[in-house]
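Residue numbers count from 1 along this sequence. We count ligands from 1, going down the list as the structure has it; atoms in each ligand are counted the same way. As a basis for the values below, the full set of heavy atoms in this structure was taken, side chains included, without hydrogen atoms, waters or symmetry mates. Just so you know, these numbers come straight off a predicted model, no measurement behind them.
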Amino acid sequence: MSQMPNVHDAEPIPEEARAEIDRLLLSGDLFRYTAPSDAPVALLEREFADLLGSRYALAVSSCSAALFLSLKALDLPRDARVLIPGFTFAAVPSSVVHADCQPVLCEVGEDYRIDIADFTARLDGISAVIVSHMRGHTSDMDAIMRACAARDIPVIEDAAHSLGTTWNGRNIGTLGRVGCFSFQSYKMVNAGEGGIMISDDPDLIARAIIMSGAYEHNWAKHMAADDAALRDAFGRWQNRLPLYNLRLSNLSAAVIRPQLPLLADRVARGRDNHDFVADLISASPIISVPAPLTPERRAPDSIQFNLVSLSDAETLAFAEAAAARGIKVQVFGQSADNARAFWNWNFLPGGTPELPGTRAMLMRACDVRLPVRLSRDELTLIAEALLGAAQDVTADTRAFGT
Ligand SMILES: *Cc1c(COP(=O)(O)O)cnc(C)c1O
């Protein structure tokens, strides 16, 4: 059998990053506020805001930091209730707890998207919403924005895994009041660690910039000279906010910036790869790959699918059969201590709620990484391994005469 591709490793860093990293190492200019202007982190913020089409960007140490700062920047009262999806990474409820707010969970459907009826039913008494586009799956943003606008509830988009995804032609992360992205190694842009938040709201971004660690008048390095609205906002918040020091280093910016021009190509390849594998594995009667919503144009670097009409034991047997064929399948709800299974979020104040629909989905939802670098031949090997594993479990079932 041919060699199964390595889907575990992150994407390599473009060669162009080296000259800039060398320059930074030689000068020791690693801190974003040392240079009087145009520090690599500041340039990254300008380039990222322009790329996404937003007014402001603030680069920070992680997407988790961006989510936390977004909540703090909204100036919510202590114990404010923040609605989040029941299927997301543990970073999302953690950011809510960290910001002294109360996470409220809503159901997520079999297509990994927020259950709009359940979401709407839980909106009373909610002060803010974090929409997590989990694994890049976009929930119905028209319905969510309409419901939240009607109640004047601000929406934070956790777009950690959605860089390059569009909704009705608009970039994900620009629909809510704030959008948060990750540069952790398993996202579309790899800096090991890092995050960025974007917003058009000068008051919100001024608060976030100060709290991210722009002590004294370092906020001046975040603004165009003619931005009176932002200058006024900094004046309003000077010395009135705690500093959390969640800044990004120039070294990280040097790793990120040369990847931004590659994004469009990565997105196109990621989508082609995903759709190619989705088509092949959909031939199996026990594999179902949820379709995108109509306004959504995705930017996947992994594939998720549901196992249909299998028991728990058969679901685990499928993952084992895939592993035996050289491909790692994570079933979100079946691996011990999975950080994306809400019942493991035992740090939630008041305990973890029950979400029967989300739980049922997590028990059958499979996750396979598909790095954008993979060739058609490698993708075919992965699809064949998954189809083979599906056949193994259905053959076993027949053999035991159920
Ligand atoms: C990766 C991820 C995060 C956390 O990002 P960090 O930069 O590692 O803090 C949050 N939400 C989602 C949906 C993610 O995929």
- prompt: Does a donor on one side chain and an acceptor on the other come within less than 3.5 Å for Q304 and D367?
  reply: yes

query: Which heavy atom of the protein is the closest neighbour of atom 5 (O) of ligand 1, given with residue, atom name and distance?
result: C63 CB, 3.3 Å

task: Answer with yes or no whether A66 contacts ligand 1, where contact means a heavy atom under 4.0 Å from a ligand atom.
output: no

field: Side-chain ion pair, D50 and R46, N-O less than 4.0 Å
entry: yes

message: Is it the case that the side chains of N338 and R340 hold a donor-acceptor pair, with the cut-off being a distance below 3.5 Å and no angle test?
response: yes

Test: K187 and E11 ion pair at under 4.0 Å: no

Test item: side-chain donor near acceptor, R298 and H137, under 3.5 Å: yes

query: Where's the contact between S132 and ligand 1, heavy-atom distance under 4.0 Å: side chain, backbone, both or neither?
result: side chain

task: Answer yes or no: does an N/O atom from F183 fall short of 3.5 Å to an N/O atom of ligand 1?
output: no

message: At less than 4.0 angstrom from any non-hydrogen atom of G194, what atoms of ligand 1 do you find?
response: 7 (O)

- request: Counting heavy atoms only, name the option from H133, R340, H137, K187 that's nearest to atom 15 (O) of ligand 1.
  value: K187

- prompt: Which atoms of ligand 1 are found less than 4.0 Å from any heavy atom of A160?
  reply: 2 (C), 3 (C), 10 (C), 11 (N), 12 (C), 14 (C), 15 (O)

field: Heavy atom of G195, distance to ligand 1 below 4.0 Å
entry: no

Residues forming a ring-ring contact (aromatic ring centres under 6.0 Å, His included) with W219, sequence neighbours excluded: H217, F234

Distance filter under 4.0 Å to S62 heavy atoms, resulting ligand 1 atoms: 7 (O), 9 (O)

- prompt: Which atoms of ligand 1 have any heavy atom of S64 under 4.0 Å away?
  reply: 4 (C), 6 (P), 9 (O)

- prompt: Any N/O of D158 closer than 3.5 Å to an N/O of ligand 1?
  reply: yes

- prompt: Can you name the residues that form a ring-ring contact (aromatic ring centres under 6.0 Å, His included) with H161, not counting sequence neighbours?
  reply: none

query: Any idea which protein heavy atom is nearest atom 7 (O) of ligand 1, and the distance to it?
result: S182 OG, 2.7 Å

task: Identify whether the distance between the nearest side-chain nitrogen and carboxylate oxygen of E296 and R113 falls below 4.0 Å.
output: yes

field: Interatomic distance, Y56 atom OH to M223 atom CE [nearest 0.5 angstrom]
entry: 9.0 Å

Ligand 1 N/O within reach of R135 N/O, cut-off under 3.5 Å: no

